Every structure is written in C-alpha cells, then in structure tokens.
J.: 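My structure is below; once you've seen it, I'll send some questions.
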Amino acid sequence: MLLVENLVKNYGSHEALKGISFHVEEGQIVGLLGQNGAGKSTTMNIITGYLSATSGQVWIHGINSLEKPKEAKRYLGYLPEQPPLYENMTVREYLQFAGELKGLKKREARQEAETVMGQTNLSERENVLIKQLSKGFKQRVGLAQALVGKPPLLILDEPMVGLDPNQIIEMREQIRSLGGTHTVILSSHILSEIESVCDHIIILDDGKVKAEDETKQLSEENSNHKRLRLVVKGDKKEIHKILRETDFIKEFSLIGEVETDVYEFQVISAREEDIRDALFMQFAKRQMIVYSVNVEQLSLEEVFIKLTGKEESK
Ligand code: ATP
C-alpha cells in the first residue's frame, strides 16, 4: 500500500530526514513514533504531497507520488497536525466543500458528507458552525474530512494532541474501527497511544528509522536473552543447589514463593545462546516440575530508550 524509499529532506543546511525507508501493508494500523523534531510531520507531509523531498521515492498503491502527486492523492486522506478548518462554515457545509475539492460532483459530495458524518458521529452537530465546536469535535471534523472520498490510506498527524482523556478514548476507538477498512498511519510522541492503537510501529529518531516491526515483536526482539524468569516447583534448598551447580547460569535470585512450594527466580545466563531448553532439562532430570521459563520482556518504553538513548517526551 505504501512504500517509502530513502527519503531525504534538508531544510537549508539542516538534515531533517536522513534517508528514511519503510513499507506499510494493506489493512495495517502503523504508528510513527518519535520525539518532537524526530521528523514525523516532515515524513507525513512528503507522503501526502504537501512538501517536496530533497531525494527519495514514495509509492502509494503502486503510484509514484512524487512524480504523479495528483493521481496518488486520490488514494489518501490526510489529517494534518493543524487541520485547515473553515471556522465560519457549518460541519455539513465544510464536509461537502471538502468533497468538491476532492473532485466530487455536488450531489456526490452531499452524499459523502452524510456518510462521513455518520462514521465519525457528527450527524447531531451537522448544522453547528465549526468555530462553536469543542477541540474534540473539531478533530472529528478533521478526521471526517480525511475520510471523504473513501481513500484506502489515511495519514493522521498527532490525532490525539490537545484532546482530553475522554476524547482520546473516543479517537482511539474511532481509529481502531477504521483499521478494518483502511490502512492507517498515525504519528505520536506518546508511547501508550501508539501501543494501544497500532499493530505495527516505526520508531523515528533524529531523521532516521531506528526500528520497524509489529508492536509485539519489537519488545521480543529487543529483549535480552540473557535474563530469564523461571518458575519451578520443589524444595527451595534443592532448587538453589541445582541453580548454583549449573555451569551455564551466571547469577540467580529468588523473586518469591508464588504458590506453596512454587518459586519464581530471575536467572542470568552465562551464555549467548538461548538456555531455556537446557534449564528445563536440569530440573526434569531430577523429576522436578518447571512451570515456566521465559525471556524477560522489555516494555515498549524500555525498547524506545534502548534504541534512541532518550526518554519518551511528554
Ligand atoms: P513535532 O512533533 O514537534 O512536529 P516531528 O517529529 O513531526 O516533531 P518535524 O516537524 O518533521 O518533526 O521536524 C523535523 C526537524 O526539521 C526538526 O528539527 C524541525 O526543527 C525541522 N523543521 C521542520 N520544519 C522546518 C522548516 N520549515 N524549516 C526548517 N526546519 C524545519
């Protein structure tokens, strides 16, 4: 659905994008995650054709969007960080107008406005002037405008910024429900927003892609195979003895008794390779039961810090 190849953007002597490449498949909800200034808006503005690239390529639905921007734009809907809303129009007037700007005939635009107001729960506000709407409703109008014309690809720049907690929950649900019928790319500098909505994540840092993967995979890949959690049933002293005598264990510590005679340990491996099978066998040989042995997972926040060396910005 979207292929971005080696995008470079210089603002004067400042290199905002330093060769960004990634791809997004149909139906995915992808989060562009990065601190302020990482290059999220610049990337989105180039994909949507609002900004030219210094070099690189963007393909939308197989169309080279830098060479044929008009054609490519038919496949995308864009919610910029500050949507250009006409404050003196009513919701309905504005959405109809947006349809006409996208090349729809008057009747089609009217019909389309109706449809997108239904999709974004705006029907009750259809005759309200945009300037009289709350921030949350204005954001919905921005989203509705992006949906006009049923574009398969939606690009949403910081869609949750400035919303209150209830409005954030509504917006999240709205985006998740769009996931079934659209491919969605949204940007955010807030990990929890991305984690709760997106099934794929692209981490941008200082104009470069630091990681790109399924949300789940990212923490798995970046987890340390040397740190394990072991839950085993048996006599505490005997478990300690086995762990002490096992040569591929560097260190271990008891976390606690999770049930009667069931103990949880943190184990640090002395080897690079995965020791889970061998550890299991150490206990099985002595007829002791291992309930679980897992590699310790990093949270998305820990992964972000590990990859970028920075804390999440609030
Ligand atoms: P934010 O969430 O703050 O918008 P971002 O990740 O979207 O951050 P961009 O807005 O893409 O980041 O900016 C990337 C870098 O390019 C930043 O260092 C920014 O200062 C710089 N930049 C952005 N727009 C311009 C411009 N028009 N002229 C000069 N530098 C710019």
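Just so you know, residue 1 is the first one in the sequence shown, and it goes up from there. Counting convention: from 1, in listed order, for ligands and their atoms alike. Predicted model, so just to flag it, every value in this text is computed and none were measured.
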J.: With no hydrogens and no angle check, do the side chains of E158 and S187 hold a donor and an acceptor under 3.5 Å apart?
T.: no
J.: Which residue holds the protein heavy atom closest to atom 14 (C) of ligand 1, what is that atom called, and what is the gap in Å?
T.: G37 O, 3.3 Å
J.: Which protein heavy atom lies closest to atom 31 (C) of ligand 1, and at what distance to 0.1 Å?
T.: Y11 CD1, 3.2 Å
J.: Any heavy atom of H189 sitting closer than 4.0 Å to ligand 1?
T.: no
J.: Taking a cutoff of less than 4.0 Å between a non-hydrogen atom of the residue and any ligand atom, is Q35 in contact with ligand 1?
T.: yes
J.: How are the rings of H14 and Y11 set to each other: parallel, tilted or perpendicular (split at 30° and 60°)?
T.: parallel
J.: Just to be sure I read this right, does ligand 1 sit under 4.0 Å from the backbone of E158, its side chain, both, or neither, counting only heavy atoms?
T.: side chain
J.: Going by distance alone, is a donor N or O of one side chain under 3.5 Å from an acceptor N or O of the other, for T120 and R140?
T.: no
J.: Closest non-hydrogen protein atom to atom 7 (O) of ligand 1, residue and atom name please, with distance?
T.: S41 N, 2.7 Å
J.: Is ligand 1 less than 4.0 angstrom away from at least one heavy atom of M44?
T.: no
J.: May I ask you to check whether Y75 and S65 show a side-chain donor-acceptor distance below 3.5 Å?
T.: no
J.: Hydrogens and angles aside, do E26 and T183 bring a side-chain donor and acceptor to less than 3.5 Å of each other?
T.: no
J.: Establish, for the pair K73 and Y50, whether the NZ or CZ atom is under 6.0 angstrom from the six-membered ring centre and no further than 45 degrees off its axis.
T.: yes
J.: Kindly indicate whether a cation-pi arrangement holds for R229 with F265, taking the cut-offs as under 6.0 Å to the six-membered ring centre and within 45° of the axis.
T.: no
J.: Test your reading of the structure: does T43 have an N or O sitting under 3.5 Å from an N or O of ligand 1?
T.: no
J.: At a 4.0 Å cut-off, with the gap strictly under it, does some heavy atom of G34 reach an atom of ligand 1?
T.: no
J.: Is there side-chain contact between P151 and L153, with heavy atoms separated by less than 4.5 Å?
T.: no
J.: Measure from atom 11 (O) of ligand 1 to every heavy atom in D206, T42, L32 and give the option owning the shortest one.
T.: T42
J.: For atom 28 (N) of ligand 1, is the nearest protein heavy atom under 4.0 Å away?
T.: yes
J.: Can you list the ligand 1 atoms lying under 4.0 Å from a non-hydrogen atom of K40?
T.: 2 (O), 5 (P), 6 (O), 7 (O), 8 (O), 11 (O), 12 (O)
J.: Can you find an N or O of A16 that's nearer than 3.5 Å to an N or O of ligand 1?
T.: no
J.: Answer yes if a protein heavy atom lies under 4.0 Å from atom 19 (C) of ligand 1, otherwise answer no.
T.: no
J.: When you measure from atom 12 (O) of ligand 1 to every protein heavy atom, which one gives the shortest distance, and what is it?
T.: G39 N, 3.2 Å
J.: Quiz question: by atom type and distance under 3.5 Å, do the side chains of N6 and S21 form a donor-acceptor pair?
T.: no
J.: Please determine if R92 and E114 form a salt bridge, counting it only when a charged side-chain N lies under 4.0 Å from a carboxylate O.
T.: yes
J.: Should you measure from each heavy atom of E81, which atoms of ligand 1 turn up under 4.0 Å away?
T.: 4 (O)
